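Just below is one structure, and these are the notes that go with it.
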Amino acid sequence: MKNRVTVSIAEQQYTFLAPEEDGYIQKVAEYVDARMRETMTDPSMSLLDGAILTAVNLADEHFKDVETAENLRRQLKEYLDESSRLKMELSEAKREIFRLQSKK
């Protein structure tokens, strides 16, 4: 079921049909509105120019976040690989200790 949500962005009313909850759509709209206000500091800037600059800023933020997430995934994979390697070493060391203790 789609929800009909009316929000205000840059003093303009927009109605969205979305499967997400009203509160989520409101939160997204408030975020976009705040970013538009940050971008549109010059009163002579047109709404279109402000929207385009805001979109570029949000896209930049998105791509940087994706890169950060990829770096974290890569780092996590390295940690998991290292953990697996160390577990194997520990297992081998335990077998060697058991073997040496059995010789006594």
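What you see is a predicted model, and the numbers here were worked out from it, not measured in a lab.
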Exceeds 12 heavy-atom contacts within 6.0 angstrom, atom CD of Glu21: no
Side-chain touch Gln12/Ile9, heavy atoms, less than 4.5 angstrom: no
Nearest heavy-atom neighbours spanning Thr39 and Gly50: CG2-O, 3.9 Å
Within one Ile-Leu-Val-Met-Phe-Trp-Tyr cluster: Val56 and Leu58, side-chain cutoff 4.5 Å: no
Glu96 CD to Gln101 CD distance, which is reported to the nearest 0.5 Å: 10.5 Å
Check ion pair Glu67-Lys64 (N to O, under 4.0 angstrom): no
Considering all heavy atoms, the nearest Asn3-Glu20 contact: ND2-O, 2.7 Å
Contacts table for residues 82-93: side-chain donor-acceptor under 3.5 angstrom, sequence neighbours left out:
{"residue": "Glu82", "atom": "OE1", "partner": "Arg85", "partner atom": "NE", "Å": "3.2"}
{"residue": "Glu82", "atom": "OE1", "partner": "Arg85", "partner atom": "NH2", "Å": "3.2"}
{"residue": "Glu82", "atom": "OE2", "partner": "Arg85", "partner atom": "NH2", "Å": "2.6"}
{"residue": "Arg85", "atom": "NH1", "partner": "Glu89", "partner atom": "OE2", "Å": "2.1"}
{"residue": "Ser91", "atom": "OG", "partner": "Arg95", "partner atom": "NH1", "Å": "2.9"}

Remaining members of hydrophobic cluster (4.5 Å side-chain criterion), Leu80: Leu76
Point-to-point distance, once rounded to the nearest 0.5 Å, from CD of Glu61 to CG of Asp65: 5.5 Å
Nearest-0.5 Å distance, CG of residue Leu17 to CD1 of residue Ile25: 10.0 Å
OG1-CZ distance between Thr68 and Arg73, expressed to the nearest 0.5 angstrom: 10.5 Å
Tyr24 atom OH, over 12 foreign heavy atoms within 6.0 Å: no
Student check: side-chain heavy atoms of Asn57 and Glu38 closer than 4.5 Å: no
Hydrophobic cluster identity match, Leu47 and Ile52, side-chain contacts under 4.5 Å: no
Stepwise side chain to side chain contact (heavy atoms under 4.5 Å, CB included) test for Glu11 and Arg37: CA-CA 10 Å; Glu11 300 179 13; Arg37 290 178 191 281; 4.2 Å; yes
With Ala51 via side chain to side chain contact (heavy atoms under 4.5 Å, CB included) - residues at least two apart: Met36
From OG1 (Thr54) to CG (Asp33), nearest 0.5 Å: 9.5 Å
